[in-house]
Amino acid sequence: AGGSPILMMRSALCFVAVFAQPALLLARDWWHDPESSHGLLLAPVGVWLLWRRGLLRDGSAAPWLGAAILVVALALRLVSDLPAELFTMRVSLVLGLVGLTVYYLGVRQLLAWWLPLALLSLSIPLPAVVLAQIALPLQLEASRLGAATERHDARGVLPGAPERVRASAGARVPAHLACAARAPPAR
């Protein structure tokens, strides 16, 4: 490991001072937002995997590369404060961890810790705009299938079914599922 213990402690304190707000906001979202609660599982598993993997014995520090990554992380952190953009703020947190790892422990250690860092990165919730872009086509397709099943359910006939199905509460859900399974693929 590169660096004296005092320098490492100062770096850790500076990291906490700069990235405490993003970390607290991220933890708050994990706890309160159902769309982000996967972070409550992924982050502790990532930390456990870091601990299990441990430090490489033959790792060599890369202070210049680590410092460059830290500068980019700090710039992202400062820029994210301007529009209060949470995703960029959170990405800067992970990038800061990557920078400190490379600075003190080297690139080989970073590569050894790829899985825990990937899990931590995946625990960052996507911005609402991105989620809406992903979810909207799925919602439209679900409503199209729902309208098709309602049309068939209201008549009491399932397409391709040999006999009439009574539209009762018990038959409605299986009828929807059968229609959805038989629906032609979206174009």
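Note that the numbering runs from 1 along the sequence shown for the chain.
- Here the straight-line distance linking atom OG1 of Thr101 with atom CG of Leu70 works out to 9.0 Å at 0.5 Å rounding.
- Residues Ser92 and Leu76 come closest through the heavy atom pair CB-CB, 3.7 Å.
- Counting heavy atoms from C-beta outward, Leu100 and Leu105 have side chains that stay 4.5 Å or more apart.
- Once rounded to the nearest 0.5 Å, the distance linking OG of Ser80 with CZ of Phe87 reads 11.5 Å.
- Note: the hydrophobic cluster containing Val18 does not contain Met9 (ILVMFWY, side chain heavy atoms under 4.5 Å, direct or indirect links).
- The structure places OG of Ser36 at 11.0 Å from CD1 of Ile124, a figure rounded to the nearest 0.5 Å.
- Between Arg90 and Pro125 there is a side-chain heavy-atom pair separated by less than 4.5 Å.
- With respect to Arg28 and Asp33, no salt bridge is recorded, no charged nitrogen being found less than 4.0 Å from a carboxylate O.
- Gly39 and Pro44 get closest at one heavy-atom pair: O-CD, 3.7 Å.
- Leu25 and Leu42 are not part of a single hydrophobic cluster, where members link through side-chain heavy atoms under 4.5 Å apart.
- A 4.5 Å side-chain heavy-atom check between Trp30 and Ser37 finds every atom pair outside the cut-off.
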Which pairs of donor and acceptor atoms, one on a side chain in residues 45-66, lie under 3.5 Å apart (sequence neighbours left out)?
unit_1, atom_1, unit_2, atom_2, d
Asp58, OD1, Arg108, NH1, 3.3
Asp58, OD2, Arg108, NH1, 2.8

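- In this structure, Leu26 is not a member of the same hydrophobic cluster as Leu78, with clusters built from ILVMFWY side-chain heavy atoms closer than 4.5 Å.
- Separating the OG atom in Ser123 from the CG atom in Leu41 is a distance of 10.0 Å, to the nearest 0.5 Å.
- Residues meeting the side chain to side chain donor-acceptor pair (under 3.5 Å) test with Gln21, sequence neighbours left out: Arg77.
- The environment of Ile6 atom CD1 is sparse: at most 12 non-hydrogen atoms of other residues, nucleotides or ligands sit within 6.0 angstrom.
- Between the CD atom of Glu141 and the CG atom of Leu136 there is a distance of 12.0 Å, given to the nearest 0.5 Å.
- The side-chain heavy atoms of Leu97 and Phe15, taken from C-beta on, include a pair separated by under 4.5 Å.
- Checking each of Val98, Val94, Leu95 against Ser121 for a side-chain contact (heavy atoms from CB on, under 4.5 Å) leaves exactly one that passes, namely Val94.
- With rounding to the nearest 0.5 angstrom, the CG atom of Asp29 is 10.5 Å from the CG atom of Leu40.
- In this structure, the side chains of Val102 and Gln109 stay at 4.5 Å or more apart for every pair of heavy atoms.
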Worked verdict on Leu7 versus Tyr104 for side chain to side chain contact (heavy atoms under 4.5 Å, CB included) | CA-CA 10 Å; Leu7 183 60; Tyr104 286 109; 3.4 Å; yes

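- A continuous path of ILVMFWY side-chain contacts below 4.5 Å connects Leu74 to Val72, so both sit in one hydrophobic cluster.
- Counting only distance, with no hydrogens or angles, the side chain of His38 and the backbone of Leu122 share a donor-acceptor pair below 3.5 Å.
- One hydrophobic cluster, built from ILVMFWY side chains closer than 4.5 Å, cannot hold both Leu120 and Trp114; they sit in different ones.
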